Structure formats: C-alpha cells, structure tokens
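Taking it in order: structure first as structure tokens, then the write-up.
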Protein chains: 2
Amino acid sequence: MNVLEKIVSSVNNFSKSERKVADVILANPQMTIHSSIAALAKMADVSEPTVNRFCRRLDTKGFPDFKLHLAQSLANGTPYVNRHVEEEDGPEAYTAKIFESTMAALDTARQRVDINAINRAVDVLTQAKKISFFGLGASASVAHDAQNKFFRFNVPVVCFDDIVMQRMSAINSSDGDVVVCISHTGRTKNLCDIAAIARENDATVIGITAYDSPLARECTLVLSLDVPEDTDMYMPMASRVAQLVLIDILATGFTLRRGSKFRENLKKVKDSLRGSRFDKKDLNN
Amino acid sequence: MNVLEKIVSSVNNFSKSERKVADVILANPQMTIHSSIAALAKMADVSEPTVNRFCRRLDTKGFPDFKLHLAQSLANGTPYVNRHVEEEDGPEAYTAKIFESTMAALDTARQRVDINAINRAVDVLTQAKKISFFGLGASASVAHDAQNKFFRFNVPVVCFDDIVMQRMSAINSSDGDVVVCISHTGRTKNLCDIAAIARENDATVIGITAYDSPLARECTLVLSLDVPEDTDMYMPMASRVAQLVLIDILATGFTLRRGSKFRENLKKVKDSLRGSRFDKKDLNN
DNA sequence: ACTGTTTTGTAATAAAATTACATAATATAG
DNA sequence: CTATATTATGTAATTTTATTACAAAACAGT
C-alpha cells in the first residue's frame, strides 16, 4: 500500500490536527513534495512538529522520508486512490482509472504467475503436432489473438469459438496435440467438457484459467492469473488483458526456444503483409 | 525521461568528480535516496558542493529535489533497464520483460490519449443507431472483443473480420450508424477503403489507429494511441493491449452515460450466463 | 610557461527538520 | 462536576542538512 492510500485508509485514526495535515496533502500532493515542513505546517494551520508526528504515524522516518514515499506514490501521474469507476466520474477520471486498474492488474498477475508452469507450457507448445485454442464469450477473442500469433510460427494451429466445432476438434485430437482452453472463471461447463474430451483422446490440455476451478481440474497444465476484477462493471476487462499478455509470453517463449533462424521466418511473415498496406514513407496517396 | 535515464545518457557531459557521483548513485540508487548530501559526498569521495552541482546539472533545484526525482524513477519496482526480450533470456526474464513493457506501453498510452476525443467517441456511440467494429489480422480479435462488450448493452452491434462482409456492411450503412475501424498501423489498404465507403454513406467513422495515417484521414474521429512497439518480435503485442483498454474505456463511458438504471441491465446479462456455468460455491461436481 | 577558464574544495551561512519541554485540550474516575 | 490522568499540540532550542561565497587547484590554449 502506498502512502497516499495509507493516508486515506487511516484517516479515522488521525487526531484533529493530523487530519488537517492529511487534508492539505490530499488536496495537493504534488505541491506537498515540493514544500518544506514549515510551509506545509502553515498551510494546514498546525505546528511543524505536528506535521513531523503525522509523518511518523505513517511509518516514515520523518518529513523528508515521507516526501520520498509520497513522491513514489505520485510517480505514475496522480493515481486515483480509488481505482473503481464511479457514477459521477467524468471522461478524464474513468479513463485514468481504467488504465490504472489494468496496469495494477498486470502487476499482480506478474507477481503471481508461475514461471515454471509457463516454461512447461512453452515446452509442450514447441513440441505440439497441432495447437488448438478454445474460448467462449469474452475469452473467444483471446483465443483468436492466440491463433493470430501462433499462426505466424508456421505450426498447425486452429481456433474455434463454436462449441460444436470445438467438440469435433477435441474428439479428433490425439497424442502430441495441444489444446489450450481459455476461461477466466474456469466454470464454463461446455469448455470443461471440451477439455475432458481432449484429454481422453490423449491431447495435452493447457488451461488459461482460475486456479482450482472445474476447468483447471480437467487440464494437464494450468496457467492461472488470479487477477482482481472490478465486478461493478459486469464486464471482464483486466482479466482478459492479463490473458492476452500471457499469450504474448507463451508466443515469445516459443520463438526464443526455436532460435534465431526461426525469427527470420517471423520477419518474412510480417513482410508479407506489406503488399496489403500503404507504404510507410509515401503516405500522401 | 526520468533522472536515472538522464544520468546514464549524459554521463559524457560530466566532469571527473561529477562522474564519481554518478557512479555511486547508479551503483545503488535505492541507498542514495536515503542518504544525506554529506554521506553521498563521502562515498563518492568528493565535496558536498560537488554533489549539489551535480544535482543542478540534471535540472533539479538541489539535492533534496534530486532525491525526489530519483525516488520517482525508482517507484516502479526495479525495472529492467532494457525491456526488450533477448535471445539469451530465460522464462523468468522474458516473462518479466513482457509484463513490464506492456505496463510501460499502457502508461505512455494513458499520457498521450486524447480525453476529448474519447468523450466525443462516447457521445457518438451512445447515439448510434448501429455500431460496427471492423479489424483485420491482429486487430480482428480486438474488434471481436469490442463486439462482445457492446453486445451486452443491447444495442445493434456487428463485427466482421472479412473484407467482403465489411464492404457490404459499409455500403449499407447510413446516417446515424457508427463504424469503428481498428488498425495499429493505419496503413491497411482494405480497411481504409471500408472507412471511405462508410463515410460516403454518411456513417460516422471512428478510427482506433495511428495519428496521421491513411486510415486516420478517412475517419470522422480518430483515437490514436501511439504506443511504442517492440519490433524485434515481429508481432503486435503492446499496441493491441492498449487498443483493448481503449475499448474498455469506451464501453465504460457508454455505461456511465446511460446511467445507473442501464447498469441493472448489464447485471442481467451477466447473470444470464449463470446457467452455462458451474456454481461458484458447489465446485465438487 | 603564462593567462584565462573551468573544476573542485573549504569554510561560513542559511535553511530545514527534529527534539525536549511546556501548555492546552480532552477524557476518565470519583 | 471537579480533580487528575492522558493525550494532543505548540514553542523554542538544538541539531542536522543543504547552500552559498570565495579561494585554491587543475586544466586548456596560446
């Protein structure tokens, strides 16, 4: 928890004067880090030692140390203490909040992700005869994105967002095939079935899903993200971004494992797109 | 550019003593922010005013101000100085780098995004008779995701990743229709055509694309992100995540504009999914 | 080797933060 | 409802820290 959040959360434990200090700081934290203790005391209409005590109450060594912490809290612009979008938020507020909450979600994802599982997944993917990406609803677009990436590697890759197609594909899978099932909750019944079917047919099933979910239990290997989601919006947002980044990581691991010669290939794929595009230089036609 | 980077880049402009100071700071920046000017001077084996002059050379007001800037540079954990994935990187390294570069990309996107344009886009979307999302290649999955979100709002929304369908759809569009064209480069010829056709038929065309690109010129309203992309990987990664977040922002703006009663509706949509899922509590079946 | 310039250090000064202590406010028990 | 204990706050002294002014040293160009 950063100092700014700390101030907000412990606003009730403050004394009357300390509260005055808190108010001034919260009103303009940017100014605070450029003020002396005397200036701040004057602004809050309290004495200098009160400010000092305020700092210590927040587990900092003193005023200069407090400013250091505050500066770090403010490093990424002026973060909203409450990142949840609220009814009254204007465009500026909700834009900032969504960027921030997404970044925060990625940060927790990074901390929680299991590197070993990623490494094993990359292992499995590089050795796959065929790779299938399955997702439903919001996760379908993640599956599509994965297909787009792995397709560039010139490996057999398919992607279905239709349960019937998924089912047929799963039934036809065999040893050496890799099926990647994507579901944030891990409780989508149809996808659990698909995973089970694929496994019965000796495919390796990788789940990008919640740890200890029904889907997770059907998988050979689980990549869980456990990202906090703002449920107020009733839409998957941060979770899906984290899934995409995970796909990026798997794709990157794949290319690295294949070595530099393989990267040449990727460049070719990218260059192949040139014909469909306007020239970068000559933009005036 | 943050102070830490500034020190590295201007290391040649330093005098002998200033360089000594720079070395000590770079060797242990974390310690620097908790040191006094005297301690740092001693460590660098220079005089205190030399340290002070060093700070001023970096456009800070003095030593305390310098520490503040340094603290901000260090705020985001210990970032890899080079966020680009390299051949020798192991799973741990490339995982961290991709998370970090994505977060960094979102941060620049947040700073550069045009709030007014977002607000106008939300305006246009809330008043749309019909919304169409068009993307090709990697951007197709972004379009799909957008469809998934806006579909929940119970507004007529379509999404095509097929140029023929896009073309037909664009030709059939009319006044009051909104077409959202998604392309990172903004140079995909086919999509430029689609945008032009849609506009000729009086549709409002929103472009999620690069500023001043051929596609941007065909649009009524441009939402540009200008996110730095790691071209070494030959795959769109950060740019696409930024696009998704932008979609989230537009969707959020949409729901807020519609008011709280509308949000009830969203909850219903979410609840409707329950039948397709295993119960959250009863996970042992 | 001399002269002007830049760099660096020493010592004095100024600014800022902290401590110790005193006073005021508030709460608690009788 | 008063006396007393406790906590909160302010004043003034002290200490720490940073800055300035100036002098000495190092250096570059002639």
Side-chain angles (χ1 to χ4, degrees), chain A residues 3-4 6-7 9-74, chain B residues 3-4 6-7 9-74:
Chain A
V3 222
L4 217 49
K6 218 168 186 172
I7 295 174
S9 72
S10 55
V11 80
N12 297 317
N13 302 334
F14 290 147
S15 70
K16 206 159 54 178
S17 299
E18 283 171 338
R19 194 158 183 164
K20 283 200 260 181
V21 178
D23 288 342
V24 172
I25 292 169
L26 290 175
N28 199 344
Q30 199 61 51
M31 175 225 63
T32 305
I33 61 172
H34 294 112
S35 303
S36 69
I37 194 167
L40 188 62
K42 201 172 174 186
M43 231 162 323
D45 193 32
V46 298
S47 70
E48 299 179 27
T50 299
V51 176
N52 196 277
R53 282 186 282 260
F54 172 87
C55 297
R56 291 221 233 264
R57 184 168 297 253
L58 291 153
D59 301 317
T60 62
K61 289 185 182 173
F63 186 68
D65 190 44
F66 169 80
K67 284 204 291 186
L68 241 42
H69 282 267
L70 189 59
Q72 297 199 318
S73 302
L74 296 170
Chain B
V3 224
L4 216 50
K6 218 168 185 173
I7 296 174
S9 72
S10 56
V11 81
N12 297 316
N13 303 334
F14 291 146
S15 70
K16 206 160 55 179
S17 298
E18 283 171 337
R19 193 157 183 166
K20 282 200 263 181
V21 178
D23 288 342
V24 171
I25 292 169
L26 291 174
N28 200 344
Q30 198 60 51
M31 173 224 64
T32 305
I33 62 173
H34 294 113
S35 302
S36 69
I37 194 168
L40 187 63
K42 200 172 173 187
M43 231 164 319
D45 192 32
V46 298
S47 70
E48 297 179 29
T50 298
V51 175
N52 195 279
R53 283 186 283 257
F54 172 87
C55 298
R56 297 229 166 114
R57 184 167 296 251
L58 292 152
D59 300 316
T60 62
K61 287 184 182 174
F63 186 67
D65 189 44
F66 169 78
K67 285 205 290 188
L68 242 42
H69 282 268
L70 189 59
Q72 297 198 319
S73 302
L74 297 170

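If you're wondering where the values come from, they're calculated on a predicted model, not measured in any experiment. Basis for what follows: all heavy atoms, side chains included, without hydrogens, waters or symmetry-related copies. Chain naming here is simple, since letters A, B, ... match the order of the sequence lines and numbering starts at 1 in each.
When the side-chain hydrogen bond (donor to acceptor under 3.5 Å, both in side chains) test is applied to A:Ser9, no partner is found at least two apart in sequence or on another chain. Here A:Ala38 pairs with A:Ser36, A:Glu48 under the side chain to side chain contact (heavy atoms under 4.5 Å, CB included) rule; sequence neighbours left out. Listed by chain and residue number, B:Thr50 satisfy the side-chain hydrogen bond (donor to acceptor under 3.5 Å, both in side chains) test with B:Ser47 (two or more places apart in sequence, or in another chain). Applying the ring pair (Phe, Tyr, Trp, His ring centres under 6.0 Å) test to B:Phe63 and every residue at least two apart in sequence or in another chain returns nothing.
Screening residues 16-50 of chain B for ring-ring contact (aromatic ring centres under 6.0 Å, His included), with sequence neighbours left out, gives no hits. Applying the salt bridge (charged side-chain N to carboxylate O under 4.0 Å, His left out) test to pairs two or more places apart or on separate chains, those with a residue in residues 58-74 of chain B are B:Lys6-B:Asp59. Among residues at least two apart or in separate chains, side-chain hydrogen bond (donor to acceptor under 3.5 Å, both in side chains) pairs with a member in residues 10-25 of chain A are A:Ser15-A:Glu18, A:Glu18-A:Arg57. Screening residues 35-59 of chain A for ring-ring contact (aromatic ring centres under 6.0 Å, His included) gives A:Phe14-A:Phe54, A:Phe54-A:Phe66 as the qualifying pairs, with residues at least two apart or on separate chains.
In this structure the side chain of A:Pro49 reaches within 4.5 angstrom of the side chain of A:Arg53, judged on heavy atoms. Annotation: side chain of B:Leu68 is not in contact with side chain of A:Leu70 (no heavy-atom distance under 4.5 Å).
A:Arg57 comes within 4.0 angstrom of no nucleic acid atom, judged by non-hydrogen atoms across all strands.
Atom CG of B:Asn52 sits about 8.0 Å away from atom OG1 of B:Thr60, to the nearest 0.5 Å.
In 5' to 3' order, the nucleotides of DNA chain D bounding all contacts with chain A (an atom under 4.0 Å from a heavy atom) are D:dA8 to D:dT11.
Annotation: proximity of residues 33-50 of chain A to DNA chain D (heavy atom, distance under 4.0 Å) is found for A:Val46, A:Ser47, A:Pro49, A:Thr50, numbered in ascending order.
When the C1' atom of C:dT8 is taken as reference, atom CG of B:Asn52 falls 13 Å away, rounded to whole Å. If you measure from atom CG of B:Asp65 to atom C1' of C:dA15, you get 15 Å, rounded to the nearest angstrom. Taking atom CZ of residue B:Arg53 and atom P of nucleotide C:dT7, one finds them 10 Å apart after rounding to whole Å. Taking atom CZ of B:Phe63 as the reference point, atom P of C:dA17 lies 14 Å away to the nearest angstrom.
Residues A:Glu18 and B:Lys67 each lie close to DNA chain D; by heavy-atom proximity, the contact nearer the 5' end of the strand is made by A:Glu18.
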What N/O pairs connect the protein and nucleotides 22-27 of chain C at under 3.5 Å? Give each pair on its own line.
{"residue": "C:dT26", "atom": "OP1", "partner": "A:Lys16", "partner atom": "NZ", "Å": "3.2"}

